[in-house]
Amino acid sequence: MSSPVTTDVATPPQPGTTHSPRGTRGALRTPAGRAAVGVLVPVLLVAAWWAATAAGLFSPVQLPAPASVVRAGLDLAADGELGHHIAISVQRVLLGFAIGGVLGLLVGSVLGLSTWADALLSPTIGAVRAVPSLAWVPLLILWMGINEDSKVTLIAIGAFFPIFTNLYAALKHVDPHLVEAGRAFGFHGLRLLRTVQLPAVVPSVFSGLRLALAQAWLFLVAAELIAASMGLGWLLSDSQNNGRTDRLILAIILLAVIGKVTDTILGVVEQRANRRWA
């Protein structure tokens with residue numbers, strides 16, 4: 001006696017229901033949806049912050065209320081100080097990032113393509129990379145004084161290593177068959193680097209650039225400890241010295257927000273570069 005044969009038949013969607021190809025992740029398919037989801041955690045953190053201060057879990061010195069931080073920002077903005085602090089810090093970060101980025105791309109390209117340069121310079125660069133950021137401060141003051149040069153140089157040092165490391169490692173792993181194909185078409189030296197090797201490592205280059213930008217903001221605080229009188233890093237330390245926790249938290253929030261904005265701008269550039277070259 002034969003047994004009945006059963007087959008799996010796809011059940012059509014019921015009227016009035018919609019199904020996203022990605023299920024519950026459908027909201028993440030658009031930039032607006034991703035932005036809306038990304039705002040949830042900051043909103044919850046601010047709500048928890050407000051609830052903790054309203055319940056008296058912390059003293060105003062330990063953790064001021066969100067409204068106090070907003071008032072501190074408005075007071076600084078009304079005096080014109082806040083915009084000046086932001087402009088000075090952004091200028092320092094962008095200059096240091098640009099200098100460190102260019103040097104990182106140049107040195108990473110040389111060591112990634114030259115076996116002799118790799119053997120000669122890699123141990124020294126690896127040792128210098130291990131030096132903490134604050135260790136450079138007294139030396140830079142001794143060499144350059146307390147002007148802008150020392151601050152921008154410290155930020156450039158911080159930005160250099162992520163770009164160098166990512167590009168150096170990526171060039172070492174470029175498909176050799178791709179390089180040979182480029183040479184077969186008559187590409188050599190800088191032309192080979194520009195037309196074959198660099199396009200192959202575009203994602204790694206931008207990963208290094210985004211890490212370098214984040215590192216530049218981290219080194220900014222150390223840089224503005226070098227006898228600075230303006231900037232968000234200076235505002236941070238000055239607020240600590242004067243017991244202004246509201247301004248201290250304001251500086252931290254501004255560093256986070258501006259850092260995220262600059263990273264987002266670089267991310268847009270990365271997407272366009274990947275569409276063109278990667």
Side-chain angles (χ1 to χ4, degrees), residues 31 34-35 37-42 45 82 85-109 111-112 125-126 128-137 140 148 150-171 198 201-226 228 230-237 239-240 248-274 278:
R34 292 183 62 86
V37 172
V39 168
L40 288 177
V41 171
L45 288 176
L82 187 61
H85 286 311
I86 293 173
I88 288 291
S89 291
V90 170
Q91 174 182 294
R92 288 168 178 162
V93 166
L94 294 182
L95 281 174
F97 172 69
I99 295 170
V102 170
L103 292 176
L105 289 172
L106 289 176
V107 178
S109 298
L111 269 67
I125 293 178
V128 173
R129 180 173 50 193
V131 177
S133 60
L134 289 178
W136 293 105
V137 173
L140 291 175
E148 287 297 302
S150 56
K151 301 174 182 63
V152 172
T153 300
L154 182 60
I155 296 172
I157 291 172
F160 169 84
F161 289 105
I163 300 174
F164 161 78
T165 302
N166 277 43
L167 179 57
Y168 167 77
L171 286 173
L198 281 183
V201 297
V202 164
S204 296
V205 169
F206 274 94
S207 294
L209 287 172
R210 296 180 76 168
L211 287 173
L213 184 59
Q215 191 84 337
W217 282 105
L218 293 176
F219 272 61
L220 171 73
V221 176
E224 291 182 340
L225 293 176
I226 307 177
M230 294 298 295
L232 293 175
W234 176 85
L235 180 63
L236 193 69
S237 59
S239 300
Q240 178 190 14
L248 190 151
I249 293 177
L250 173 67
I252 293 174
I253 293 173
L254 287 173
L255 286 168
V257 171
I258 299 173
K260 177 58 181 174
V261 169
T262 54
D263 178 74
T264 301
I265 294 172
L266 190 55
V268 172
V269 177
E270 177 184 7
Q271 291 176 356
R272 294 182 178 179
N274 283 333

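- Within the model, atoms CD1 of I265 and CD of E270 stand 14.0 Å from one another, a figure rounded to the nearest 0.5 Å.
- Atom-to-atom distance recorded for I253:CD1 and L248:CG is 10.0 Å, nearest 0.5 angstrom.
- Looking at heavy atoms from C-beta onward, R129 lies in side-chain contact with T165 at the 4.5 angstrom threshold.
- In this structure, the side chains of I258 and V93 stay at 4.5 Å or more apart for every pair of heavy atoms.
- Between L154 and F219, the closest heavy-atom pair is O-CD2, 3.2 Å.
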Under the side chain to side chain contact (heavy atoms under 4.5 Å, CB included) criterion, do V107 and F160 qualify, and how do the steps go?
-> CA-CA 9 Å; V107 178; F160 169 84; 3.9 Å; yes
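- For the atom pair CG of L209 and CD of Q215, the computed distance is 13.5 Å after rounding to the nearest 0.5 Å.
- Taken from OG in S237 to CG in L232, the straight-line distance is 11.0 Å, to the nearest 0.5 Å.
- A salt bridge is absent between E224 and K151: the closest approach of a Lys/Arg side-chain nitrogen to an acidic carboxylate oxygen does not fall below 4.0 angstrom.
- Across S89 and L220, no two heavy atoms sit closer than the pair CB-CD2, 3.7 Å.
- For the residue pair F97 and A216, the shortest heavy atom distance occurs at CB-CB, 4.4 Å.
- At least one side-chain heavy atom of I88 sits less than 4.5 Å from a side-chain heavy atom of R92.
- Nearest heavy-atom pair, G96 versus A159, reported as atom, atom and distance to 0.1 Å: O-CB, 4.1 Å.
- Atom CD1 of residue I155 and atom CG of residue L95 lie 8.5 Å apart, to the nearest 0.5 angstrom.
- Looking at heavy atoms from C-beta onward, N166 lies out of side-chain contact with V205 at the 4.5 angstrom threshold.
- Proximity of a side-chain donor or acceptor of T262 to a complementary backbone N or O of G259 within less than 3.5 Å is detected.
- To the nearest 0.5 angstrom, L167 atom CG is 4.5 Å from S109 atom OG.
- For the pair F206/L211, no side-chain contact is recorded, criterion being any heavy-atom separation below 4.5 Å from C-beta on.
- Proximity of F164 to L111: side-chain heavy atoms (C-beta onward) are separated by under 4.5 Å at one or more points.
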